[in-house]
Amino acid sequence: MARLVMKFGGTSVADIERIRNVARHVKREIDAGHEVAVVVSAMSGATNRLVEWCREASVLHDAREYDAVVASGEQITSGLLAISLQAIGIAARSWQGWQLPIITSDAHASARILSVNGAELMRRLHECKEVAVISGFQGIHPQSGRITTLGRGGSDTSAVAVAAAIGADRCDIYTDVDGVYTTDPRVVPKARRLDRISFEEMLELASQGAKVLQVRSVELGMVHQVPIFVRSSFDSPDSIDPHKYPPGTLICDEEELVEQHVVTGIAFSKDEAQISIRRVQDKPGVAANIFGPLADANINVDMIVQNVSADGATTDLTFTVPAADFERAKETIAAAKAQIGYERLDGATDVTKVSVIGVGMRSHAGVAAKAFRSLADRGINIRAITTSEIKFSLLIDSAYTELAVRTLHSLYGLDKS
Ligand code: ASP
Ligand code: MG
């Protein structure tokens, strides 16, 4: 017997038929003797619509009311799944974030989970033999009593937090793909599904643009040692052996990886913008004068490249920001021009960040050098480079995204045969 959290994403609960299908997935695990708690997303498209309604009502809206509105999508699916489970003879009860409760910070629209009442869930499981169907994405800030939400994609994080709170053996993430791939299969048809990937690699993949899981959920899994299993909800619920692993990807500790590759996956993000500040004064305090105002404006700066100046007087400084913040970032820099001291601002939004990830990079030299050569051979120019222990990222022209990702995918032996 295992204790499981089963999380179902928006496409898996997109209509009543699919919710019934989800109920059969849950029944299968219960019948096999497992203890189960379920976490659900809103029906696909529902949250987008709710967000849009808030904007329509007023472009500048109160974040507390935004949360009150957008949290409602999950309330609907948790109730509908509880009904569907009851209809096939499984005792079930829906739980909203405020009822359990799932305690969060008061950062509305991007709240962090502080604690989950696992004891109440365990009591329900044992005494009432009842499946808890929990609304993902939402919680409560106890001091204000207000409903909060965790940021887009946040029900993954709810699921892993619940799994940690009840000491689950595994958190199964049922989604519209059957696992984590070496890269996006829509761009590289030869992408392979990974059987396993380490938390650290998954954290990099997710933060660098792979959209399978919310980054925070992987962080939580790593901290609380909850293995996360990404699998498809479209497999027929009744043809799966609940005692075996079906196709999918297990996100686990590095020690549990069976085969070690130097490179595990390639992520890319087109939502990047590049800003270059020309002929910045090369003296102490300038970087602080640039990045201080950007931080105050809540703009996330990612890659930063600065040259050592030749004349000792001025240099160029390039950095990237999310494309959505491009205009705001330029305005922020221009407003601080007097303190910074520079000649010209250049920018581009038709850029893509390609990231190559693998724990094997820790012990192998020359991994990035190979990439530079083969991209050069294809005439792809690199605008900026950053590296970390298990990753390097390259900023290139968006027009070359597909070519670059495919080239690197085969270069590092990731193509399926
Ligand atoms: N429904 C929320 C969203 O669309 C949360 C989630 O699906 O994870 O972002
Ligand atoms: Mg999601």
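The aromatic rings of H25 and F8 sit tilted, their planes meeting at an angle between 30° and 60°.
The minimum heavy-atom distance linking I140 with G97 is given by the pair CG2-O, 4.3 Å. Across A273 and V351, no two heavy atoms sit closer than the pair CA-CG2, 4.0 Å.
Counting non-hydrogen atoms of neighbouring residues, nucleotides and ligands closer than 6.0 angstrom, the CZ atom of R123 exceeds 12 such neighbours. Applying the 6.0 Å contact sphere to CZ of F291 captures more than 12 heavy atoms from other residues, nucleotides or ligands. Within a 6.0 Å radius of CZ in R93, no more than 12 heavy atoms belonging to other residues, nucleotides or ligands are found.
Taking a cutoff of 4.0 Å between a charged side-chain nitrogen and a carboxylate oxygen, E331 and R328 do not qualify as a salt bridge. One finds no salt bridge joining E52 and R49 here, because no Lys/Arg side-chain nitrogen approaches an Asp/Glu carboxylate oxygen to under 4.0 Å. The pair R231-D178 does not meet the salt-bridge criterion, since no charged nitrogen lies less than 4.0 angstrom from a carboxylate oxygen.
Between the side chains of H261 and T264, no donor-acceptor pair is found at a separation under 3.5 Å. For the residue pair E272/S269, the side-chain donor-acceptor check at 3.5 Å is satisfied.
Taken to the nearest 0.5 Å, the OG1 atom of T352 stands 11.5 Å off from the CD atom of Q274. If you take OG on S207 and CD on Q214, they are separated by 11.5 Å, rounding to the nearest 0.5 Å. How far CE of M222 is from OG of S217: 11.5 Å, rounded to the nearest 0.5 Å.
No close placement of the Y174 and F234 rings is indicated, their centers lying 6.0 Å or farther apart. Note: H243 and H34 meet the aromatic proximity criterion, with ring centroids under 6.0 Å apart.
With R24 contributing its side chain and R20 its backbone, the two residues share no donor-acceptor pair below 3.5 Å. For the pair R406 (side chain) and V187 (backbone), a donor-acceptor distance under 3.5 Å is present. Q96 contributes no side-chain N or O that, together with a main-chain N or O of S135, makes up a donor-acceptor pair within less than 3.5 Å.
No option in H108, Q138, R146, H141 other than H108 meets the side chain to side chain contact (heavy atoms under 4.5 Å, CB included) test with D67.
Under the rule for a side-chain hydrogen bond (donor to acceptor under 3.5 Å, both in side chains), the partners of D62 that lie at least two apart in sequence or sit in another chain are R64.
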